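The structure appears below as structure tokens.
These numbers come from the heavy atoms of this one structure, side chains and all, not from hydrogens, waters or symmetry mates. Residue numbers begin at 1 in each chain, while the letters A, B, ... track the order of the sequences. Note that the structure is a prediction, hence the values are computed from the model and not measured.
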2 protein chains.
Amino acid sequence: MARRRAKKAVRRRSPKGNVAIDDAVYGAIRRAMLSGRLRPGTKLQEPVLARLLKVSRERVRKALHRLVHERWLEAVPNRGTFVPAPSVEELRELYEVRAILEDAVVAKLARGTANGSAQKLKSHVAEERSAVKSGDRSRLFGLSTEFHALLADLCGNEQLSSTLRALLPRSSLHFSLFAPPELHNCAGPHDHGDIVKAVLAGDADKARTLMRDHLSGLVEMLSAREAPRAAMPLDEIFRELSPAKRS
Amino acid sequence: MARRRAKKAVRRRSPKGNVAIDDAVYGAIRRAMLSGRLRPGTKLQEPVLARLLKVSRERVRKALHRLVHERWLEAVPNRGTFVPAPSVEELRELYEVRAILEDAVVAKLARGTANGSAQKLKSHVAEERSAVKSGDRSRLFGLSTEFHALLADLCGNEQLSSTLRALLPRSSLHFSLFAPPELHNCAGPHDHGDIVKAVLAGDADKARTLMRDHLSGLVEMLSAREAPRAAMPLDEIFRELSPAKRS
DNA sequence: TGTCTAGAGAATGTGCACATTATCCTGTCA
DNA sequence: TGACAGGATAATGTGCACATTCTCTAGACA
């Protein structure tokens, strides 16, 4: 009973802030992956992450399950959660499916878009260009992926959008792990601008061709599998990212 | 301490049987949904299911999370887990995405299949025909869905296969909730047989047309939204299904 | 009579303690 | 010296108790 009262006095958790905490934990781990410093095979231990992020182990657990579900991570029963080592074969298959879906996406968009779509697309491409200049790798990666999601969103078919979005985390994983460190090698923003132009011009055939070429180019780049960055201890990775967790 | 020893004496859980229990709980709830007796809006309460299935609440919790993830169910924070009421609009969107993917599937297969594919497809269609005759609604629903998954599997692209499979639970949900009770109204096995013929004949165009018509036919049928079966208390539904849980 | 409020009851959410399992290290024996 | 067995340690997995939130109902008041 004494214990019960003590607990009640100590608890100072904001009422509706639970999902916010969950999202912060999820985001921190996801950002760590996007940074490209987590090498395939790395084990993400629940107690370690809980200590580094200063949350209970259950929160880490939940976030890890979510990431496994989205295929950012892989779980082995009674063993733990690991950073996957996706194969080139998987890369090819993944981008084949993306090509099927995104071909349909740009074809639909070229046939006609909703009001405001043109503005959204243009400003997104502009944002990508500024990210290239500032040299923020994580930010550019995020924006590049989001471009494809944005296209799908503008189709007005939620199922199409969510189906493609489900493929993007795994796609980003390949990017994080195997993209070259130099940003100017990424064939991203330039292609994106051309695709937008074709779509807005209503040229479906050109848009489809550009999209397929764009995706093929990414496959080629990622198949090279440039040597990844040097490994870094977990605590250093998360120490760097911890400020963003609170924003 | 006495409590601790008592626990140890009572526990008689098989060592590796945990995942089996989880699967059983998951399967029981899924089967309940496929039976078509759970109406949209029904709340699936954790304590009730735990009592009916004779497992701990945590197991039920885990299974519900999984079903929510697969979009069989919908969760509302602090409120519970509910049987969804998917709209006709969603139905159309869903089948549009399926058409995009399955169009590509049959086109790939018509270009050439792996050894043994023909046999698998033929025997599957035969199985569907026998299910129609036996009048087992749940079984036919399961087989009909599995036919589309089988086609995707035979493509040899795991990503394509898993992407389509991710859409099938939600698709089955529409089927369970809104398909007419009479089995002979289902435009299933007959279409499937024709598609198999076209694929094995290498006629890609015909296979694609048949697949698109087949999916359109399903949309039309499900859009009618026949009156669902009468509601039934949860305990009766799960009492009927409990034997299968142990098999 | 309709609406709003307070409280009882029951559901969901979460931290913790403990059980179970894997890993690593050490010592022994061939 | 190498391989293997056994135990120490630390991880993952799970049931439970409690906190929090929601729902539903009875009753007061306009």
How close or far is atom [atom2] of [N] from atom [atom1] of [X], stated in whole angstroms?
| X | N | atom1 | atom2 | result |
| --- | --- | --- | --- | --- |
| Lys62(A) | dT14(D) | NZ | C1' | 16 Å |
| Asp22(B) | dT14(D) | CG | P | 6 Å |
| Glu58(A) | dA17(D) | CD | P | 16 Å |

Any residue meeting salt bridge (charged side-chain N to carboxylate O under 4.0 Å, His left out) with [X], in chain and number order, not counting sequence neighbours:
| X | result |
| --- | --- |
| Glu89(B) | none |
| Arg170(B) | Glu74(B), Glu90(B) |
| Glu158(A) | none |

So which protein nitrogen or oxygen atoms get under 3.5 Å of nucleotides 10-12 of chain C's nitrogens or oxygens?
residue: dT12(C); atom: OP1; partner: Glu46(B); partner atom: N; Å: 3.4
residue: dT12(C); atom: OP2; partner: Glu46(B); partner atom: N; Å: 3.3

*What residues, two or more places apart in sequence or in another chain, satisfy side chain to side chain contact (heavy atoms under 4.5 Å, CB included) together with Glu58(B)?*
Ser56(B)
*Return each pair, listed once, that meets salt bridge (charged side-chain N to carboxylate O under 4.0 Å, His left out) where at least one residue sits in residues 144-156 of chain B; pairs must be two or more places apart or across chains.*
Glu146(B)-Arg165(B), Asp153(B)-Arg165(B)
